[in-house]
Amino acid sequence: MKKPQEASISITGLAKRFEKSPLYQNFSLEIPGGQITCIFGPNGCGKSTLLNMIAGLIPLDSGQVRFGGRALKDIKIGYVFQNYRDALFPWLRAIDNIKYPLSSTGVSSRQCRLRAEELIHQFDVGFDLNRYPYELSGGQQQLVSIMRSLATKPKILFLDEPFSALDYESTLSIRDKLQDVFISTGVTIVMVSHDLEEAVYLADNIVLLTKRPTQIAEVITFNAGRPRTPNILSDPEFVRLKAYSLDVFRREANRS
Amino acid sequence: MKKPQEASISITGLAKRFEKSPLYQNFSLEIPGGQITCIFGPNGCGKSTLLNMIAGLIPLDSGQVRFGGRALKDIKIGYVFQNYRDALFPWLRAIDNIKYPLSSTGVSSRQCRLRAEELIHQFDVGFDLNRYPYELSGGQQQLVSIMRSLATKPKILFLDEPFSALDYESTLSIRDKLQDVFISTGVTIVMVSHDLEEAVYLADNIVLLTKRPTQIAEVITFNAGRPRTPNILSDPEFVRLKAYSLDVFRREANRS
Amino acid sequence: SGSQTAPSSDSSSSPEVIVKKEKVVASWLPIMQTTAYYVALKEGLFEQADIEIESVKFENPNQIIDSLVSSRADFGPPGAAAGITVLAEAKAPGTFKVYGLQGGGIKSGFINDGLIVKPDSSIQSFKDLKGLKVGTIPGVQWETILTYILHKNGLEPGSDVTIEQMAVGLQLPSVVSGAVNATLSLEPVGSIAEATQQAKRAMTNPVAMFIADPFYSGAAVLTTKFLQDRPETAAKVVQVIDEATRLANQNFDQYRPVISEYTALKSEQASYVAQPRLRSFSELDSTDIDSYQKFVDVFYEEGVLDQQMDVTEIMLDKSELA
Amino acid sequence: MSSSSLNRLSKAATSLLSVNIGTLILLAIWWIAAALELIDRVLLPTPAETFVSLWNALISGDILQDFGLTLYRSLYAFMIALVIGVPIGIILGSSEKIYQSFEFLIDFFRSTPATAMFPLFLIVFGIGDFAKVAVAAFAGALIIFFNTAYGVMNARKTRIMAAKVMGVPRWRVFRDVIFFESLPQTFIGLRTSISLTLVVIIVAEMFVGSTNGMGQRIIDAQQVFDMPQMYASIIATGVMGYGLNQIFLITENKFVHWKGR
Amino acid sequence: MSSSSLNRLSKAATSLLSVNIGTLILLAIWWIAAALELIDRVLLPTPAETFVSLWNALISGDILQDFGLTLYRSLYAFMIALVIGVPIGIILGSSEKIYQSFEFLIDFFRSTPATAMFPLFLIVFGIGDFAKVAVAAFAGALIIFFNTAYGVMNARKTRIMAAKVMGVPRWRVFRDVIFFESLPQTFIGLRTSISLTLVVIIVAEMFVGSTNGMGQRIIDAQQVFDMPQMYASIIATGVMGYGLNQIFLITENKFVHWKGR
Ligand SMILES: Nc1ncnc2c1ncn2[C@@H]1O[C@H](COP(=O)(O)OP(=O)(O)OP(=O)(O)O)[C@@H](O)[C@H]1O
Ligand SMILES: Nc1ncnc2c1ncn2[C@@H]1O[C@H](COP(=O)(O)OP(=O)(O)OP(=O)(O)O)[C@@H](O)[C@H]1O
Ligand SMILES: [Mg+2]
Ligand SMILES: [Mg+2]
């Protein structure tokens with residue numbers, strides 16, 4: 001079902017600076033299509049900035065981002081922003097926020113409703129989606145953000161700490177639901193996470209970033225089959241990779 | 001050093017509703033002074049609302065909040081908001097945001113600078129605090145928020161998911177630094193967390209909340225001495241309490 | 001007023017069976033000097049001459065001239081500003097023809113203007129204004145007239161007297177509140193001042209006294225374009241205004257109620273305001289034209305006009321009427 | 001802000017009173033100033049005289065027609081300003097470059113009295129009513145341009161980014177996101193604009209001339225020194241302006257519910 | 001928005017041109033309309049005639065004094081409006097109740113032409129310069145009230161809550177938080193206000209009368225049908241308005257750096 005060549009992302013010679021200090025310099029990264037790539041790095045190393053640059057939301061100083069020959073505008077993208085609160089539209093009810101990526105591209109209102117119902121069912125939403133975003137709790141807003149990002153069945157999904165406001169139980173279940181979506185659609189997922197366990201649990205590739213000026217410390221591949229279940233948490237390979245990643249991260253974090 | 005009677009919080013007969021549906025009804029809770037209380041509950045159960053009501057930021061429909069005989073306005077409060085981004089002042093540089101709670105109450109600028117330096121030293125800040133908040137990454141903003149909340153050496157500290165945007169390493173270190181602050185000052189800490197391990201690690205009392213309409217499922221006490229170190233994670237009492245809390249939480253979360 | 005026609009008694013109307021009404025646009029000011037126009041409207045004189053009038057009211061004489069220059073209007077009934085017409089003619093020679101003058105005069109006993117002061121004021125003439133403030137109508141026309149008169153009285157505006165220009169509606173309040181010591185005001189300000197006993201005329205027709213007696217501040221004008229394009233209609237308009245002027249002069253008191261229909265004046269005020277001196281086209285004589293010339297010369301003397309203007313060139317000539 | 005129904009009830013009860021406090025203070029000052037004859041009675045009539053004058057004008061019905069015509073002209077001008085102003089404002093605000101290229105003209109004409117431009121409008125739009133409507137619409141549209149463009153320029157970047165990344169067509173980003181983001185500011189513009197439109201219509205009726213309308217009433221009353229009538233007409237005009245503002249306020253409170261969140 | 005120095009350079013280079021695009025279009029229309037004599041030459045002079053007239057007025061120096069006086073009066077009026085308007089606006093906006101009790105008056109007077117209120121100002125302030133300044137300050141202050149109060153009412157609640165919970169004294173919450181929160185809106189108010197102040201001063205110089213100032217130049221030129229002079233004076237006035245707006249824009253861009261974040 002997966003078509004690995006599709007929706008791959010290759011970043012070459014990227015440079016970006018804010019004011020005086022460089023953030024990225026001659027940075028290159030291959031993100032394979034149809035896989036889950038987790039980006040893990042210390043605060044302020046430029047993860048959100050990287051996602052924004054890939055998605056074409058902020059300009060690069062130099063370098064290129066290619067999507068396997070396609071143009072960015074021809075690829076359906078889903079994006080959960082780190083500041084999910086500011087990214088929802090407060091003039092639309094939560095349900096209309098979820099439908100918006102569809103309705104805005106001319107999908108019939110019936111289709112929109114069906115897709116929304118599908119998502120509601122899939123994510124087992126327990127609160128009233130007829131509220132406005134600012135009437136929802138942090139976690140509820142984040143869930144709405146995730147559902148909105150999935151509405152169009154995107155080819156690439158950017159998730160910037162998508163579970164940061166979710167409660168324990170929801171985090172586990174939505175993590176698994178995302179994996180389900182991935183398995184059934186083969187979407188390319190690029191996720192930023194601060195939870196190493198979560199990163200290794202979900203990822204095919206874990207990109208470990210250094211502090212500024214940001215470089216790739218290491219890219220770690222985890223080939224376990226899917227669906228991965230909580231059992232994998234005790235899989236020796238999982239434990240090894242997690243421990244190894246943590247070592248690399250610690251080493252980089254403590255480097256002067 | 002601790003004076004347990006000081007800065008305790010007692011909530012009695014609290015009621016709060018949004019639009020039609022009740023959030024709290026006849027809700028009572030004792031939060032002992034000079035201890036760390038963690039509030040743990042599903043998304044949208046009203047944790048942030050509860051903190052805001054205690055801090056006098058949004059009105060109660062009925063009920064009372066008492067602070068051991070003192071008036072709210074006489075107690076120094078620190079608060080890290082769940083939406084830490086919106087709570088920082090974008091017209092002040094990060095460093096001035098941190099100083100603001102002091103400078104605004106007439107503390108001399110020298111004193112402010114000393115306190116800020118103390119905090120910078122304490123939290124081992126590695127980024128430029130002369131930036132404006134909107135130039136900082138999510139995690140950096142959250143750290144600034146935490147430092148600001150501590151500037152006045154508050155008697156009560158409200159933390160609403162204070163580590164949600166921090167990276168792995170920072171979470172661990174700032175968690176411990178907060179414990180240090182607690183030990184040395186005896187501040188009453190009320191913290192919302194979605195990480196059960198974190199909650200048990202830090203807390204004297206863990207308040208487990210149910211879904212809406214919100215009730216207390218259970219209050220669990222953990223008496224381990226301080227400073228608690230990562231060793232405690234393997235302490236059998238710790239493991240037992242964590243597992244027990246999780247059970248209660250799961251039971252409540254899955255109740256229809 | 002529609003296109004349905006009443007049997008015409010006017011001798012000049014054409015003998016054809018189907019009478020087409022000519023549409024003519026008039027721009028007018030709501031002042032006493034326009035009375036002849038009100039009379040013409042009231043008596044249906046335009047209709048009788050098969051003219052359909054589109055009547056546009058302005059508060060500012062400049063806009064009347066603007067509308068005439070831009071050919072948006074065909075003629076200005078009596079009461080259009082006499083001075084401004086000449087100023088515009090200087091910039092666009094050959095645009096206007098004057099076919100009537102309105103104002104007042106000391107000898108003839110019609111009031112055009114006055115020096116308005118508080119009832120208990122000791123000011124009796126312009127000479128008494130030394131060191132005081134005097135108000136007048138905004139703009140260069142009245143500023144020039146006032147400056148000229150002050151000069152004649154040996155006063156230098158700016159150093160001896162302060163001139164304050166103020167909208168007509170502010171003139172009485174300014175005198176009453178003491179903001180200025182006097183105003184040189186056009187009618188009906190003086191009449192209302194005396195009637196309400198809030199102020200009085202220290203001098204009547206001072207402008208006539210110092211510039212020319214009689215003095216005409218208003219004129220009836222039409223555009224040469226109108227005269228050339230539709231000479232017959234233009235002639236009819238002049239005739240109608242002539243007839244109306246005659247009626248107004250004959251029975252001014254009878255037409256007073258009409259004035260309140262067209263101006264700001266309330267009916268009780270219309271019953272006491274001073275009657276202006278209205279000169280129709282056929283009545284204009286050399287005294288009138290001399291007076292107009294003297295007025296225009298003031299503009300030249302005070303440097304507002306940079307060339308001398310001969311008013312006879314702007315006066316409508318009988319030969320020009322079809 | 002207040003969420004409980006109790007609050008809302010007490011609010012409704014006190015609202016009528018509270019609305020009046022400022023007004024009552026002003027009326028009191030006026031009344032005292034007039035009663036003590038601090039200011040000449042002829043120049044400043046008592047509130048009573050003024051309201052009697054207003055009342056008489058109302059029952060005789062002659063003020064109603066003027067009121068209606070001024071209202072009609074103002075709304076006509078405002079509608080033109082609205083229809084032109086909001087879309088152009090959004091387009092101007094959407095790009096710094098575009099805005100800059102019109103900034104001079106907007107600031108220029110905003111700072112020039114509409115009445116000084118009247119001769120030009122008279123030439124272009126003729127001497128009828130429409131010239132007055134056009135000049136008021138022009139003045140009103142400038143304010144709407146300015147405010148809407150500002151609203152767009154100050155819009156929260158994250159929301160626009162969110163829409164862009166969804167692949168929403170550019171024109172729909174304008175209609176669905178930028179428009180709403182700028183709406184609080186646009187409403188301020190609309191309220192400033194409707195008041196200004198009314199002011200310009202009144203001024204045109206006053207100084208350019210008109211055979212009817214509240215502006216003509218005001219200047220006529222002023223010219224014949226009928227101060228109670230003048231203040232009565234000013235009051236009626238002000239009440240019209242307040243009423244128009246209230247319509248926007250109510251609309252705004254209904255539609256722009258997310259302000260400050 | 002553009003962060004690289006390359007961008008900035010090219011921006012600076014095109015800025016002069018881009019500033020002119022809208023203006024150039026208008027000048028072109030004017031030039032064509034005048035050249036084809038679509039409009040009578042006496043009423044609409046050519047751009048060349050107008051600029052020659054402006055140039056002559058400049059080198060003869062007689063426009064400078066009028067320009068200076070109008071600028072002085074406008075700034076004087078604006079300063080009064082600013083000093084009164086911002087604090088009162090903040091206080092009004094801080095409480096729905098207070099705002100409501102003055103809402104009627106603010107909307108009322110905003111919708112009433114300042115010139116219609118002139119008889120009142122004349123009584124209180126006399127006929128001198130200060131009456132004009134006062135009436136313009138009044139009109140300007142109303143706009144500042146309105147915008148500042150709106151800015152305060154639309155302020156982000158979280159920031160105010162953050163300050164409150166710190167135990168910051170109430171007046172400092174106003175000064176340190178609410179003031180800054182409302183600043184983007186306040187600046188819009190200031191820019192609207194400075195333009196309006198200038199307009200009212202000009203109108204007062206025109207219709208209320210004055211022996212100097214740009215308004216008097218305009219009406220004098222109008223009366224003697226010196227249209228090049230009239231448009232030259234209007235242009236000088238508009239440029240003054242643009243300049244004043246630019247000062248605010250630059251100040252705003254410097255101080256209000258957090259807009260839209
Ligand atoms: N507008 C800006 N001006 C200056 N510096 C900026 C700006 N935006 C971001 N930065 C800097 O760029 C760096 C990367 O920011 P970014 O938000 O991408 O970090 P991040 O990796 O997502 O961090 P976090 O884990 O905290 O979310 C930070 O150090 C930040 O201070
Ligand atoms: N202004 C409002 N209007 C209506 N409902 C609201 C409003 N604010 C909050 N709520 C509701 O109140 C409930 C509690 O919200 P709150 O933010 O306190 O939850 P929380 O426990 O902090 O959740 P989370 O863990 O997601 O942060 C939510 O269900 C939310 O939908
Ligand atoms: Mg980030
Ligand atoms: Mg919360």
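Being a predicted model, the structure only gives us computed values, none of them experimental. Below, each value reflects all heavy atoms present in this structure, side chains not excepted, and no hydrogens, waters or symmetry copies.
- With a 4.5 Å cut-off on non-hydrogen atoms, A:Leu143 does not touch chain B at all.
- Annotation: the span from B:Ile39 atom CD1 to B:Leu209 atom CG amounts to 6.0 Å, rounded to 0.5 Å.
- Residues A:Thr49 and A:Ile58 meet the side-chain proximity criterion, which asks for heavy atoms closer than 4.5 Å.
- Using a 4.5 Å cut-off between heavy atoms, A:Phe163 does not touch chain B at all.
- Note that CG of B:Leu23 is 6.5 Å distant from CE of B:Met53, once rounded to the nearest 0.5 Å.
- Taking 4.5 Å as the limit, some side-chain heavy atom of A:Met147 sits within range of a side-chain heavy atom of A:Ile98.
- Taking every heavy atom of both residues into account, B:Ala151 and B:Leu119 meet most closely at CA-CD1, 3.9 Å.
- Residue A:Ser164 touches chain B through both its backbone and its side chain, counting heavy-atom pairs closer than 4.5 Å.
- When each of A:Ser193, A:Ala165, A:Cys45, A:Gly126 is checked for heavy-atom pairs under 4.5 Å with chain B, A:Ala165 comes out on top.
- We find that A:Lys211 and A:Glu252 are not joined by a salt bridge, their nearest charged nitrogen and carboxylate oxygen being 4.0 Å or further apart.
- With a 4.5 angstrom heavy-atom cutoff, A:Arg131 touches chain B only via side-chain atoms.
- In terms of modelled atom types and a separation under 3.5 Å, the side chain of A:Lys47 and the main chain of A:Pro42 share a donor-acceptor contact.
- The candidate from B:Arg212, B:Gln82, B:Arg85 with the greatest count of non-hydrogen atom pairs under 4.5 Å with chain A is B:Arg85.
- We find that B:Asp204 and B:Arg228 are joined by a salt bridge, their nearest charged nitrogen and carboxylate oxygen being less than 4.0 Å apart.
- If you measure heavy-atom distances from A:Glu19 to chain B, the contacts under 4.5 Å come from the side chain alone.
- With a threshold of 4.5 angstrom between heavy atoms, A:Glu161 approaches chain B through side-chain atoms but not through N, CA, C or O.
- Interface residue A:Leu172: only side-chain heavy atoms are found under 4.5 Å from chain B.
- Residue contact with chain B, scored on non-hydrogen atoms closer than 4.5 Å, is absent for A:Ser48.
- Under a cutoff of 6.0 Å and an axis angle of 45°, B:Arg175 and B:Tyr201 form a cation-pi pair.
- Neither the backbone nor the side chain of A:Phe127 comes within contact range of chain B, judged by heavy atoms closer than 4.5 Å.
- With chain A as the partner, the residue from B:Thr171, B:Leu246, B:Asp195, B:Asn83 showing the most heavy-atom pairs under 4.5 Å is B:Asn83.
- For a residue to count as touching a neighbouring chain, one of its non-hydrogen atoms must lie under 4.5 Å from one of that chain's; by this rule B:Leu136 does not touch chain A.
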